[in-house]
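One is the number of the first residue; the rest follow in order along the sequence. Nothing here was measured: the structure is a model prediction, and the numbers come from that model.
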Amino acid sequence: MTTHEKGDRVPTAPAARTLDHPEPGEITLEGVLHALSDPMRLQIVRFLWPLEQDEEAPCSAIDLAITKSTTTHHFRVLREAGVIRQVYRGTAKMNALRRGDLDALFPGLLDAILTADAARRGREDRLARSPA
């Protein structure tokens with residue numbers, strides 16, 4: 001609230017909520033690899049991967065079998081490493097993969113990691129289905 005000339009209290013608009021993101025030059029290979037080394041964070045990136053360049057998804061659209069506070073932690077690690085961009089849209093926190101920045105800094109890295117992950121998951125599925 002602010003005070004008007006005559007002493008009346010006038011409500012002020014709430015400040016826009018923003019989140020800190022590293023600039024492209026601040027994104028490190030070590031930070032990205034660390035962020036992608038966790039299975040839950042890799043699952044988030046897998047979900048965002050097929051989206052178009054500027055397309056966003058709310059946190060709630062990504063089904064993770066963990067608590068809300070742990071989910072928040074994983075999104076924060078990805079954001080602080082420069083892997084995703086998060087913005088508030090109303091009460092929802094929207095997420096987009098920073099594919100352009102990552103491809104410019106580390107050409108082919110995301111493709112290689114996600115291809116290797118898909119191959120690993122395929123092998124695990126085949127082993128789980130094969131008779132013992």
Could you see if Leu64 belongs to whatever hydrophobic cluster contains Met94? Use Ile, Leu, Val, Met, Phe, Trp, Tyr and a side-chain cutoff under 4.5 Å. no
Could you walk me through whether His74 and Gln43 pass the side-chain contact (heavy atoms from CB on, under 4.5 Å) check? CA-CA 10 Å; His74 287 303; Gln43 183 177 341; over 6 Å; no
Measure the NZ-OG1 distance between Lys93 and Thr71 for me, rounded to the nearest 0.5 Å. 11.0 Å
Should Ile84 and Val87 be regarded as members of a common hydrophobic cluster, given that ILVMFWY residues are connected when their side-chain heavy atoms come within less than 4.5 Å of each other, either directly or indirectly? no
Report the residues that fulfil salt bridge (Lys or Arg N to Asp or Glu O under 4.0 Å) with Glu52, sequence neighbours left out, ordered by chain and then residue number. none
One should read off an interatomic distance between Leu42 CG and Asp117 CG, to the nearest 0.5 angstrom, of 4.0 Å
Given Leu109, Asp111, Thr115, the one that forms side chain to side chain contact (heavy atoms under 4.5 Å, CB included) with Ile113: Leu109
Look up atom CG in Asp20 and atom CZ in Arg79, then write down how far apart they are to the nearest 0.5 Å. 7.0 Å
Acceptor/donor pairs from residues 23-37 side chains to any protein atom, 3.5 angstrom cut, sequence neighbours excluded:
| from | atom 1 | to | atom 2 | distance (Å) |
| --- | --- | --- | --- | --- |
| Glu26 | OE1 | Glu23 | N | 2.7 |
| Thr28 | OG1 | Gly31 | N | 2.9 |
| Ser37 | OG | His34 | O | 2.6 |

Derivation of the side-chain contact (heavy atoms from CB on, under 4.5 Å) call for Thr67 and Thr72: CA-CA 9 Å; Thr67 65; Thr72 300; over 6 Å; no
Quick one, Val83 with Ile44, criterion side-chain contact (heavy atoms from CB on, under 4.5 Å). Give me CA distance, side-chain angles, the key distance, then yes/no. CA-CA 10 Å; Val83 176; Ile44 294 167; over 6 Å; no
Arg121 vs Arg46 side-chain heavy atoms within contact, under 4.5 Å: yes
What are the two closest heavy atoms between Phe47 and Ala57, and how far apart are they? CE2-CB, 3.7 Å
Got a sec, which pairs hit side-chain hydrogen bond (donor to acceptor under 3.5 Å, both in side chains) with one end in residues 95-109, sequence neighbours left out? Gln86-Asn95, Arg98-Asp101
Any heavy-atom pair between the side chains of Leu19 and Tyr88 that's under 4.5 Å? yes
Find out if a path of hydrophobic residues (ILVMFWY) with successive side-chain heavy-atom gaps under 4.5 Å connects Ile62 to Leu97. yes
How long is the gap from CG on Leu78 to NE2 on His73, to the nearest 0.5 Å? 9.0 Å
Joint hydrophobic cluster, Phe106 plus Val77, side-chain heavy atoms closer than 4.5 Å: no
